[in-house]
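Below is one structure, written out as structure tokens, with a few remarks after it.
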Number of protein chains: 2
Amino acid sequence: MPDPMYRQIADDLRRKIESGELAGGRQLPTELELREQYDASRNTVRDAIKLLVTRGMVETRPGQGTFVVAKLDPLIITLDWETGFSGGEGSAYYKSEVKADRRKAEVSVPRIEIQPSSAAPELGLETSAQVVSRHQQRFVDGTPWSLQTTFYSMSLVQRGGVRLFQAEDIPTGTVQYLEETLGIKQVGWRDKIMVRTPDATEAAFFQVPDDGRVAVMEIRRTAFDASRKPLRLTVTTYPADRNQFVVNVGEVPDEEVLGAPGSTASNASSESAAQGEKE
Amino acid sequence: MPDPMYRQIADDLRRKIESGELAGGRQLPTELELREQYDASRNTVRDAIKLLVTRGMVETRPGQGTFVVAKLDPLIITLDWETGFSGGEGSAYYKSEVKADRRKAEVSVPRIEIQPSSAAPELGLETSAQVVSRHQQRFVDGTPWSLQTTFYSMSLVQRGGVRLFQAEDIPTGTVQYLEETLGIKQVGWRDKIMVRTPDATEAAFFQVPDDGRVAVMEIRRTAFDASRKPLRLTVTTYPADRNQFVVNVGEVPDEEVLGAPGSTASNASSESAAQGEKE
DNA sequence: AACGATTTGTTCGTATGTATC
DNA sequence: TGATACATACGAACAAATCGT
């Protein structure tokens with residue numbers, strides 16, 4: 001009738017974690033200790049811990065113990081879409097945004113690669129065409145924070161956009177660079193936003209488990225020039241546990257200090273359970 | 001040296017699922033069969049299955065078996081910021097968007113409630129004030145798709161916005177209704193976007209496991225009137241496994257048919273593993 | 001309605017391997 | 001090197017859910 005024992009143990013530990021009785025660093029008793037505390041077998045205790053691991057509340061380290069996962073302080077990224085400001089891509093923009101948050105931003109040297117056009121289908125190039133990709137890793141306070149890859153048609157490089165091909169940061173952003181150098185103006189863009197589980201590379205970089213417990217947000221931005229042709233494709237992935245976004249549209253008051261809402265007003269109402277009254 | 005056996009089994013099954021050898025409905029062999037196929041103990045087979053369950057690829061049903069999870073066809077929600085169109089909140093808007101996708105949209109009758117102002121901190125009301133909440137459930141082709149709650153100050157109702165208080169749909173949207181009735185014009189809004197795990201209510205409604213394997217995207221939209229004061233707060237939650245967004249900014253070409261990008265061009269490059277060259 | 005067969009869920013025991021200090 | 005702690009793997013028994021007879 002009651003919950004199985006391993007769930008009871010997990011619930012008890014969860015309660016202790018959420019109440020703050022068990023916080024950040026090394027905390028949980030060892031399996032042997034828990035086994036005595038709850039008078040259960042080691043396997044049952046392990047099942048309870050496995051449940052908490054799945055929910056991302058604790059992590060186990062072989063030879064050391066089981067630890068409560070410390071929540072990361074989310075970085076709030078502000079995008080002012082209406083002003084036409086090309087939010088969020090240039091490294092200068094990224095750094096200033098993070099600095100406004102009093103945190104230290106770092107951007108890796110871009111890794112330049114040549115890839116088949118199939119790597120960036122949104123650019124709509126011939127199958128035989130090639131694209132240049134500029135890949136950057138971003139850190140905040142030393143912690144990996146986001147990954148970004150921008151794809152350009154090789155023809156842009158051939159027409160004079162040579163810096164696209166150089167493995168160094170373009171602080172003013174490639175958008176401005178392309179306009180100054182080639183006179184190509186970005187007049188709009190389309191973002192496709194989705195949430196998915198990280199692939200192996202992302203999981204390794206972000207230092208999250210590779211079993212999909214931490215989601216990543218992927219934003220694929222296709223930017224267009226004045227002739228409505230795709231100019232570039234920028235793919236950015238943000239792990240959901242450390243990134244939030246704020247978008248201002250139209251006339252809005254100045255940003256006040258916005259504390260993380262957490263679970264203030266969720267979609268749950270007062271107390272009623274789910275009800276299926278459709279229409 | 002090699003992967004542990006339960007991972008090998010899981011990988012083998014994952015391969016079969018991804019290759020389509022095992023698709024939608026009831027598929028996986030029983031634990032007893034797998035135990036023979038891989039010459040492993042039942043517990044080891046179960047560990048392999050548990051891994052796939054955690055990754056959301058299969059689900060187990062007691063007394064029946066283990067089944068490959070059918071991926072939902074994602075609904076692509078298009079928001080055109082530049083037109084100033086108040087994307088996504090009015091039920092009329094929602095229905096037409098979904099219909100354009102050739103799918104059947106349903107919206108539940110709003111559930112009206114009175115709540116303390118602390119339920120909607122973004123409105124910046126006195127602690128003693130109260131807010132009206134309008135809560136709606138949305139379905140696509142009969143499947144629960146999103147949850148939305150809009151909060152208004154009670155004073156709006158007292159000033160004449162009585163329909164806010166009635167449990168019936170306002171097809172033209174409350175934005176237009178408030179402008180026509182009270183002359184209050186919405187001039188902009190601020191969206192806070194975050195990804196988190198669903199709470200118990202959401203998990204039940206969306207029919208997803210309550211252990212956080214499926215993330216939800218929460219969009220908190222605070223809309224402002226001409227005097228830059230908060231007019232309303234709309235909280236919408238979308239399960240990530242069935243929703244994607246497209247945002248157009250500036251001048252962009254017409255929407256072509258956009259197949260789900262899936263894992264076309266990720267942030268992984270050709271083949272190189274993660275490298276830590278920061279700066 | 002009752003029963004049995006099948007299938008997954010829970011719990012224990014035990015042994016051995018691997019990582020860390 | 002040894003001690004500690006988690007990881008993997010096997011075996012066994014019973015419970016609970018489901019389905020068909």
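Values in this document were obtained by computation on a predicted structure and should not be read as measured data.
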- Task: Kindly indicate whether the side chain of A:Arg42 and the base of D:dA7 share any N or O donor-acceptor pair separated by less than 3.5 Å?
- Result: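 Checked by distance alone, the answer is yes.
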- Message: With hydrogens left out and only the distance checked, is there a donor-acceptor pair under 3.5 Å joining B:Arg61's side chain and the base of C:dG9?
- Response: no
Could you check how far [atom1] of [X] sits from [atom2] of [N], rounded to whole Å?
X       : N      : atom1 : atom2 : answer
A:Arg7  : C:dT10 : CZ    : C1'   : 10 Å
B:Glu31 : C:dA5  : CD    : P     : 20 Å
A:Ile9  : C:dT11 : CD1   : P     : 8 Å
A:Leu34 : D:dC6  : CG    : C1'   : 12 Å
A:Lys50 : C:dT11 : NZ    : C1'   : 13 Å
B:Asp47 : D:dC6  : CG    : C1'   : 14 Å
B:Gln64 : C:dT6  : CD    : C1'   : 11 Å
B:Arg35 : D:dA12 : CZ    : P     : 8 Å

- Query: What distance separates B:Ile9 CD1 from B:Asp47 CG, expressed to the nearest 0.5 Å?
  - Reply: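 Answer rounded to 0.5 Å: 9.0 Å.
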- Item | Aromatic contact, B:Phe139 with B:Phe205 (centres under 6.0 Å) | yes
Please confirm whether the shortest side-chain N or O distance from [X] to OP1 or OP2 of [N] is below 4.0 Å.
X       : N      : result
A:Thr60 : D:dA5  : no
B:Thr44 : D:dC10 : yes
B:Arg46 : C:dG9  : yes
B:Thr66 : C:dT8  : yes

- Query: Nearest to the side chain of A:Met5 - C:dT10, C:dC12, D:dC10?
  - Reply: C:dC12
- Item | Between A:Gln115 and A:Ser133: side-chain donor-acceptor atoms closer than 3.5 Å | yes
- Message: Testing the 3.5 Å rule here: is there a donor-acceptor pair between the side chains of A:Tyr6 and A:Asn43?
- Response: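 No - no donor-acceptor pair under 3.5 Å links their side chains.
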- Salt-bridged, B:Glu218 to B:Arg196, with N to O below 4.0 Å? yes
- Query: DNA chain C: A:Tyr6 or B:Thr30, which has the more 5' nearest nucleotide?
  - Reply: B:Thr30
- Message: Both B:Leu32 and A:Pro62 contact DNA chain C. Which one's nearest nucleotide lies toward the 5' end?
- Response: B:Leu32
